[in-house]
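Below is one structure, written out as structure tokens; the observations come after it.
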Amino acid sequence: MKEKAQVSERFREFKAELTSRPSIVMGMGLRGFLRLLSLKNQWILALVALIWLWTLGFYVLLSTGDYPCQNLEFWDSSDFKRCQPLVYYNDLGLGGVRLFLVTLAAISSSGLIANDMTDKSLHLYLSRPISRLDYLIARFIPVFLLLMCVTALPNLIVYVNQWGEAGLEFDWIKNHKWLLLDILILGSFYSASYSIIGLTFSTAINRESWAAGAFFLFVYGSAIIIEIFYLVMLESGVGDDRILLLSVIHLLDIIGFYIFGTQPFFTAFGLEGIDIADIEVFGVFILIIGSCGLFVNWMISQMEANK
Amino acid sequence: MIEARNVIKKYGAVTALDDFTVDIPEGKIGILGPNGAGKSTFVKIALGLIRTTSGSITVLGEDLDRNTVDIRRKIGYMPEHDCIPNSMTGVEFLIEMGLVTGMSLQSATQRTHEILGHLMMGEEKYRKIEEYSGGMRQKIKLAQGLIHGPEVIFLDEPTSGLDPKARQEMLETINGLTEVSGTNVLLSTHILQDVETVCDHVIIVNNGKLQMQENVKKLMQRQTDVIQVRIGGSTEDFVKQLKKSGITATSGGRGLHVPYVNDKTFEQIVDSAVKSNCQLYEMERTTVTMDNVYLEVVD
Amino acid sequence: MEISNVFNRSKNLFPPILKDCSQRLLVNPLTWVLVVIMLLPCFLGLWFYYEFSDERQFEEVDGEKVYYDNNGGLLHVELREAFLNLSSLFIVKFIGVLLAIMFSSELINEEFNRKTMQILRTTPIMSLEIIFYRYVTGVLCMFGILASSSIIMYIVIMLGSGIHGIIEELEILWLVIKIVLFESIAFLGIFCLISAYFERPFLLGIVYWIIWEMIVSGTQYQQITVSHYLESILFDGLKDIGWSVTAEDYGLTKIVNNEVVNIATEPITAMLVMIGIGLGTVVWGARGLGNRQF
Amino acid sequence: MSEIILNQVTKNYGKVQGISEISINVDPGLTGILGPNGAGKSTMMKMILGLARPSMGTVTVMGKDPFTDWEQRNKIGFVPEFDCFYEHMSGLDYVSYFLRMHNYEKQEAEEMARASLSELGLEDSMERKIRTYSKGMRQKTKVARATVFDPEILIMDEPFQGADPSTRHLLMNKMKEWSEKGKTIMISSHILHDVENLTDRIILINNGRMLASGDRHEIRKLMDHIPRQIKVSPIDKANLRILAKRMLDEEWVRAARVDEEQGEILLETDRAETFYLELPKILQKEKIAVTKINSDDDSLDSLYDKIVGGSQWK
């Protein structure tokens, strides 16, 4: 049979089948996350590896020595692997990991909005069928996931390991379900806060490297200044614990301790016990995060209105 | 296609659009107006990027007040300024834009290559955007607006900064767009000849108000009472000969302007040319140009 | 002929350049960041003043209060050392150089970036005039800022020793102001030259400063650095005031045949050399600008 | 004598070619410089302004070398393509600042700047900071700065870019006015239509080489090897075929096509001069009245297309 000759259009009419908004946003977020983890971003990968090594190394080292632990009811033993390592998780999150965590947040979040603003492709994203909030969420997801990778994930591995040591019994998980929840909440809390602050800096300073530097300096500079100030005031006897709320790191740490329900104690100087009302802590936190969100939203709405 | 009813938009004390009412038909529409007349504001409102202070606007039969975001599935937008990331390749960027619009990866890829083929982009589509020339960047910008097969595409100054050849290509592409795929085009530009060559309809905006809305073909057929004549050889002889038949020619722009009385005038011009032994390069009754219309309306 | 023309023109050229350039320099936020950093030690001085003002002892001489510290030493003698160290190490060697780099890049390189230099090159003036008036404005601004900061710092730091102390040590202040003036003249000229020839004056200026001034200035051949002449003026000035200082304290020595030799330059020579450096670099920079292709 | 003379000028920036072996004389009046992006238009202008020195050849402006002779620069005005502002100044300050550089007294400079700016329609906004200006206002300020000291030669690089049609119209009128005063104006633009409206004298550059210069009709005449298409439309449509047949009798008419719909005949000739001379005579003899004799080939668009577009390899 001979086929019929036919001519077709060079460029045909096209109607795309489009997915819903949530899936667009999720897709954008996931692609951004994968791009952050791609081999081009060597620094990010190196930092992630460093944090993982730190966490797991900490765990392995501590499991041999004695570490303050609250004894479990079932196993009457002071062995680290058998005790409820609340303090461990806290120390881990607030010790060495903290430095790398902020650095990682600074490096990974700084480019996301800043790059879009410098090459002005933000306008193109905003003219797509997603709202401004959708765009922000899509830019927030990659950093959030990346930070989750280094906050919650290693701790979960430690948790699973402990469960394994305890004989893989379901009862163990049942008895420690709050610990599991705490690990997840702490991880997502840190990730969310740092990514929101990082994105704010990325929007405010639309140069990638400067934004990263400013974020790092802001978080650490304020922490150091306030810590010194706090010490000076403590010695002169007129100290007020509320001053700690002015530093982002300390604020987040205090809330972190609340989440784990341990006695708030703090900083490299080993000061113990602070006296601040819960409502003040959470009030300041909500104020900071809220103003960050509003600021980013305002900046982007400015870009829409002007040229 | 787009209906605006009494749209008012204020930025603080500045009124960008002032009781703006327009009914834009389908096809290729040109929007003209001076800087700050409210063109970009109107385009941004129609895209749902900014909200009106008061008034209603309907795009493709859907009310924008209720549906600012999803309407953009049917709209493409090509901004005026350079706004494409330098670090990506052309293909990567277009696929990303397709995905952000909500297409699946397969259809986005397929569509990207189809559009780039249509825009005559060859191997360079795999190169980084930073290596692109002005014309190619402009093409990528156009392509990203077309990627999801929109029913309307807004083009904001698509030919600015392009050299004549690239401009020609761009205009031809835009012209072909409606013919091939039935996309409606809304073209905002400062170059009036672009509107003349591309558009079916023209809208002139000034001070936030609609000044004129007219069919371009009809507009261009309006004739003036001047005959443009260009002569080789001795122009003086020719003018003298014309004077003998009672016609005074004035020199204008390029060549001579002869007032049109009736069709007899043409014969007299030809006669004069023969008598003064001149070459007659050009003889035509001039028509209205976009320049005339624009300046008449705006000033 | 030529020179009188240039002179006649100067009354039309200089005022607008002075006005515009000084405005640009003084409105620049970076200048004020540097000024604030420069004045930070003052707050330290104030703090010390309030902290220890109760512990000072004083006796009245001719109706003036002369302050002593706990050990019976004159307080203003101690404080003047603090002031001198702060100004010679911090203001002259650190902030002054940064300010010079910043000013020269703002005055000349920024004009390249904004492309106003191309317009200036199409006006009927010589490139020497373009660059010289800017240089003079820069020197005036820089000297003004550094000198007034020095005065503020002097007053704040010497406040601890009362009015008497402030009046007693004015000579130190004049010396610092003199050094600051010559520093402005020499460094601004050098950095203007760098700005006129190269695209990245910040980077090159700091490279010049670290590699040339910091490393060479302590060695055998230190006469080729500006720092040497600045130190010479300081050293000689202090000797004149009557301090017991040695050339070794200021690194103005070199070793010849295992002997330490004093190589401090005469202050007059040093001043002339610095003015020479300033003018020479400006003329050289103008040549570079005149031959520059756009 | 020509105001601007370029003699075998070549300019390389490092290894990048700017222009090569360009020789032109520019007389007083308006001259348009055309060419694609990166063809070397700006380089040529900078040469004339004395901002760059030719690698080979000589540039002479009013009898002198512009690179070294800075004293005659007050006779040359320059409107650059790029923005070149002190953004913190007002338009008035900006123009008078540069007037002071031209050695004018303060009072005088301000008055001149005011007059020049209001002539260009910036009366209301000249006290505002340049930072707040729109694109069109910036162009006007640039033009005001370049023309305020009444230069003999005016070099304009893309003066219409980004300007709205009213601004463009205003600037064009000013340019025509100045050129009638006997000034030499060189102007480059991507919008051929604007250049066509302004002047017939053009210089065409591509890849650093000059492809053509002179009156565009003259240039077209030199390109007679490319046949020319001329449209003729008689008043009476019945005459269409008769005229076409008659024209084909002449040996210099190569082809004729009748377009009934438009009511015109498309004639193709390779001896345009003869055609234009003989056509009126034939029309008179045959008693055919026509309303239009016109050729699309005559427009600058088609000329540009023919020269820049295809002929490099011929």
Side-chain angles (χ1 to χ4, degrees), chain A residues 7-32 34-35 38 40-41 111-135 137-139 141 206 208 300-307, chain B residues 11 16 40-41 44 47-50 68-88 93 96-105 107-108 110-111 114-115 117-119 129-130 141 144-151 154 156 176-177 179-183:
Chain A
V7 179
S8 62
E9 288 277 355
R10 202 155 57 107
F11 181 76
R12 67 192 167 81
E13 191 163 346
F14 179 82
K15 286 281 171 285
E17 279 187 22
L18 303 176
T19 49
S20 64
R21 261 159 74 184
S23 53
I24 296 176
V25 172
M26 274 313 290
M28 264 177 92
L30 285 175
R31 281 197 303 281
L34 292 179
R35 212 172 297 140
S38 74
K40 267 185 246 162
N41 300 318
L112 286 174
I113 293 182
N115 282 348
D116 282 354
M117 278 170 91
T118 34
D119 58 31
K120 289 179 180 162
S121 52
L122 182 63
H123 291 260
L124 295 181
Y125 285 109
L126 290 179
S127 68
R128 301 279 139 188
I130 49 173
S131 71
R132 220 180 299 150
L133 190 66
D134 290 339
Y135 171 77
I137 293 172
R139 283 293 178 245
I141 289 174
N206 44 17
E208 186 176 359
I300 291 181
S301 70
Q302 282 296 301
M303 288 212 58
E304 272 179 21
N306 299 332
K307 279 198 177 172
Chain B
Y11 293 112
S40 324
T41 312
K44 277 178 182 158
L47 270 173
L49 282 177
I50 47 181
T68 43
V69 173
D70 284 331
I71 189 69
R72 292 186 214 149
R73 287 162 192 261
K74 297 186 190 169
I75 301 177
Y77 177 47
M78 175 186 177
E80 174 191 356
H81 43 254
D82 210 16
C83 57
I84 38 180
N86 284 325
S87 54
M88 289 176 161
F93 171 66
E96 171 73 24
M97 288 327 281
L99 291 173
V100 173
T101 321
M103 297 161 82
S104 68
L105 182 62
S107 65
Q110 180 257 330
R111 175 76 176 166
E114 190 184 325
I115 289 182
H118 180 67
L119 293 176
I129 292 177
E130 60 190 344
K141 257 161 70 180
Q144 65 79 25
L146 288 171
I147 186 93
H148 53 294
E151 289 173 36
F154 292 101
D156 204 348
L177 221 57
E179 278 168 33
V180 180
S181 66
T183 314

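Throughout, protein chains are lettered first and strands after them, A, B, ... in sequence-line order, and every chain is numbered starting at 1.
- For A:Y135, no part sits under 4.5 Å from any heavy atom of chain B, backbone or side chain.
- Proximity to chain A involves both the backbone and the side chain of B:M97, based on heavy atoms less than 4.5 angstrom apart.
- At least one donor-acceptor pair closer than 3.5 Å links the side chain of A:N41 to the backbone N or O of A:R35.
- Judged by distance alone, the side chain of B:H148 and the main-chain N or O of B:I75 form a donor-acceptor pair under 3.5 Å.
- In this structure, the side chain of B:Q144 does not engage the main chain of B:G76 through any donor-acceptor pair within 3.5 Å.
- Between B:L99 and the options A:R31, A:M28, A:R128, a side chain to side chain contact (heavy atoms under 4.5 Å, CB included) holds for only A:R31.
- Contacts of B:F154 with chain A are absent, with no heavy-atom separation under 4.5 Å from either backbone or side chain.
- Highest contact tally toward chain B, considering only A:T118, A:I130, A:D119, is held by A:D119 [criterion: heavy-atom pairs under 4.5 Å].
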